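Take a look at the structure below.
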Number of protein chains: 2
Amino acid sequence: MPGMAIGKLAVIAATKVQTIRYYEEIGLIRPFARSEGGHRQYGPEDARRLKFIRHARELGFGIEEIRELLQLSDNPDTSCSAADIIARSHLEQVELRLKKLQALRKELKRMVEECGHGRVSHCRVIEVLSDHKHCGSEH
Amino acid sequence: MPGMAIGKLAVIAATKVQTIRYYEEIGLIRPFARSEGGHRQYGPEDARRLKFIRHARELGFGIEEIRELLQLSDNPDTSCSAADIIARSHLEQVELRLKKLQALRKELKRMVEECGHGRVSHCRVIEVLSDHKHCGSEH
DNA sequence: TCTTGAAGCTCTAGTGGCTGGAGATTGTAT
DNA sequence: ATACAATCTCCAGCCACTAGAGCTTCAAGA
């Protein structure tokens, strides 16, 4: 098994090369070997791990959360409740963000709709931004 | 008009003191005067401007967008269409984020619901993160 | 007026999660 | 053998703040 170079791993896991090196730096992954000249060599297990990380990042998990999840994934005999707790608290955060974003969209829509394309002195966009009271909903 | 100190402005605009100094550093605001001892002094116009900035930040506008909006707000005779364009493109971004977040919530909910509270080796949370294919929706 | 303690000052560094570039070295295809 | 792509390390920068050290100034009470 000769292992693949960092560039190929990057393509496979849809990551940038620098990002992989960064993950190594902060201790999330490490290549299973180096070539004589010092080039990193990765195997399929590294690819799986990197995909795990990228997927979790896409889902909005922070690096430290991912570190915990990786540890759990590395030790399949531990209780699953830790992973559950992480995912649950993450879900709560997501639902909060979602609510804020929905209120924001409403506000922006109103702003844009009410802009009469005239002078700034009568522009609702500027007006709404100038005074919180113009807001229909809290945020 | 003696002007208020930075601490009071911070309270009024619901900002941290350091944030105000940071905004000054990057050229968004400046105090209308300094005391003999070098303390910043602000007036009501500064408060209005800072509130404008904070409100726009809450709505998710970036600093450079805000810089543009401030310029428009400072020149009430210019066309409102520039502000409109900024707000519109911002709205688009928000709607995109919203869609992603909704897909994410769905995914997380499923993960949490399917976790049987057993061992990690059978935990759906880990499993879903390990393999993108388990996702019901793209994100 | 003096004193004290809160609030201000500047400057530096750190956060998270990468991203980009310089300049040197290595790997690979012809 | 050579050309050129890919990789290496190291360092700096991004955004929008936030925190702290170590000092000075201000305002209120005695």
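Proteins come first, then strands; the chains are lettered A, B, ... in the order of their sequence lines, and each starts at number 1. Computed from a predicted structure; not experimentally measured.
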(message) Between Tyr23(B) and Arg54(B), do the side chains contain a donor N or O and an acceptor N or O under 3.5 Å apart?
(response) yes
(request) Five pairs at each end of the helix from dT1(C)-dA30(D) to dT30(C)-dA1(D): take the axis at both ends and give me the angle between them to 10°. (result) 10°
(request) When you get a sec, tell me which of dC17(D), dA19(D), dT7(D) is the closest nucleotide to the side chain of Tyr23(B)? (result) dC17(D)
(request) Please tell me which of Glu25(B) and Gly7(B) maps to the more 5' nucleotide of DNA chain C, matching each residue to the nucleotide holding its nearest heavy atom. (result) Gly7(B)
(message) Of the listed nucleotides (dG17(C), dT18(D), dC8(D)), which one gets closest to any side-chain atom of Tyr22(B)?
(response) dT18(D)
(request) Would you kindly give the NE2-to-C1' distance between His39(A) and dT28(C), to the nearest whole Å? (result) 11 Å
(message) Nearest whole Å is fine: how far is dC17(D) P from Ile66(B) CD1?
(response) 8 Å
(request) Select one nucleotide: of dG20(C), dA19(D), dC17(D), the one nearest the side-chain heavy atoms of Arg57(B). (result) dC17(D)
(message) Measure NZ/Lys8(A) against P/dA6(D) and give the value in whole Å, please.
(response) 14 Å
(request) State whether Arg21(B) places a side-chain N or O below 4.0 Å from either non-bridging phosphate oxygen (OP1 or OP2) of dC11(C). (result) no
(message) Within this structure, what is the CD1-CG distance for the pair Ile86(A) and Leu72(A), rounded to the nearest 0.5 Å?
(response) 5.5 Å
(request) Please state how far atom CZ in Arg40(A) lies from atom P in dT26(C), giving the value in whole angstrom units. (result) 14 Å
(message) Without decimals, in angstroms, what is the distance between Ile63(A) CD1 and dG14(C) P?
(response) 19 Å
